[in-house]
Amino acid sequence: MAGDVSGAGGSGGEPEPSDSMRTFGAMVQALREHAGLSREQLGEHVRYSKHMVASIEVGRRLPPPGFVERAEPVLGGTGALRRSAKHVVRKPGLARWFREWARMETEAITLYTYECRLIPGLLQTEAYARTLFEYELPPLGDEQIKAQWEARAARQRLLWERPNTAFGFILDEHLFLRRMGDAVVARELIDHIVGIAGLRNVQIQVMPPVAHSGLHGPLVLLETADDQPFAYSEGQESGQLISDRKVVSVLQRRYATMCAQALTPEDSMSLLQQMRGDL
């Protein structure tokens, strides 16, 4: 998955508001009403629109820069806003459109991924992921980056915590040739992936730069404990959960063919070690 706040790449949409955001918003609203101010009037004091004030009060938005300091004196000057703002964070989690698939991952007995854009989120290192976050548009704030990496790291525990789940990854060779960060980041990424490939329940293959059956794009296949097959396809700012058995069957056949077209797991690791030595 590329966009699990996801997946291989970026934010993939807004994470759910946290309890701390809702609590802070309710406090702002209560203090504003106690001060006899409308949202528009408070907005004038803090130099933001009434719509921004409304979004903060219902817990949809984090307080932007300057909001707390300018709101404090007109909302009682007790220091309550300043103290509570330190504890306001986004809920570490995944984009809404990805959350159902992520839940299914925790119960899957097989999970197979083909990726041709970026290293999948389940295999990323923190340095690699943070390099991706730096290229996000619109730019991400520090708290957003922190929340997205925490969500990604939490998902990665599946590889160790579900030893009876079979994980398979087919990765295009050029993913390792695209420089994401410096040579240190690249070497760490290869070492990390080679290490994961040593797990008994994980198989990683590299697809050489040739024509193959996965040219339609990335795909992920999953099978539940009750033998229900699903697929997932991700684009920019969206994702599609596929449950139609006929469609999933076609994608399963494509993945099986790609396994035969890719390098063997052993040859894949040899290639990665060679690429690491060339860095």
Handout entry: side chain to side chain donor-acceptor pair (under 3.5 Å) assessment of Y232 paired with E234
Key = CA-CA 7 Å; Y232 180 80; E234 186 173 274; 3.1 Å; yes
Problem - Option among F167, F169, Y255 that satisfies the ring pair (Phe, Tyr, Trp, His ring centres under 6.0 Å) test with Y112 - result: Y255
Problem - Summary of ring-ring contact (aromatic ring centres under 6.0 Å, His included) pairs that have at least one residue in residues 182-217, sequence neighbours excluded - result: Y114-H212
Are side-chain heavy atoms of [X] and [Y] found at a separation under 4.5 Å?
| X | Y | answer |
| --- | --- | --- |
| L279 | M275 | no |
| L81 | L31 | yes |
| I193 | I119 | yes |
| I204 | M269 | yes |
| L175 | R178 | yes |

Problem - Full working for side chain to side chain contact (heavy atoms under 4.5 Å, CB included) between L221 and L111 - result: CA-CA 6 Å; L221 300 167; L111 184 65; over 6 Å; no
Exercise for the section: Verify the neighbour count for atom CZ of R82: are there more than 12 heavy atoms of other residues, nucleotides or ligands below 6.0 Å? Expected result: yes
Exercise for the section: Verify the neighbour count for atom CG of D226: are there more than 12 heavy atoms of other residues, nucleotides or ligands below 6.0 Å? Expected result: yes
Practice task
Please say which of Q252, R253, K246 ends up in a side chain to side chain donor-acceptor pair (under 3.5 Å) with S249.
Solution key: R253
Practice task
Would you sort out whether L222 and T110 count as a side chain to side chain contact (heavy atoms under 4.5 Å, CB included), showing the intermediate values?
Solution key: CA-CA 6 Å; L222 175 153; T110 64; 5.8 Å; no
Handout entry: Transitive ILVMFWY side-chain link L272 to L199, under 4.5 Å
Key = yes
Practice task
Could you walk me through whether I56 and Q29 pass the side chain to side chain contact (heavy atoms under 4.5 Å, CB included) test, one step at a time?
Solution key: CA-CA 9 Å; I56 293 170; Q29 181 175 354; over 6 Å; no
Handout entry: Steps toward side chain to side chain contact (heavy atoms under 4.5 Å, CB included) verdict (R47, R70)
Key = CA-CA 8 Å; R47 305 175 199 168; R70 291 193 284 266; 3.6 Å; yes
Completion exercise
Sequence neighbours excluded, the answer for salt bridge (charged side-chain N to carboxylate O under 4.0 Å, His left out) partners of E57 is R32, R39
Problem - Listed once per pair and sorted, the side-chain hydrogen bond (donor to acceptor under 3.5 Å, both in side chains) pairs that draw on residues 197-206, sequence neighbours left out - result: Q203-Q205
Exercise for the section: Calculate, to the nearest 0.5 Å, the distance between atoms OG and CZ belonging to S243 and F230 respectively. Expected result: 6.0 Å
Handout entry: Nearest atoms (heavy-atom pairs only) where V202 meets I196
Key = CB-O, 3.6 Å
Practice task
For the pair R152 and E150, find out whether any cationic side-chain nitrogen is under 4.0 Å from an anionic carboxylate oxygen.
Solution key: no
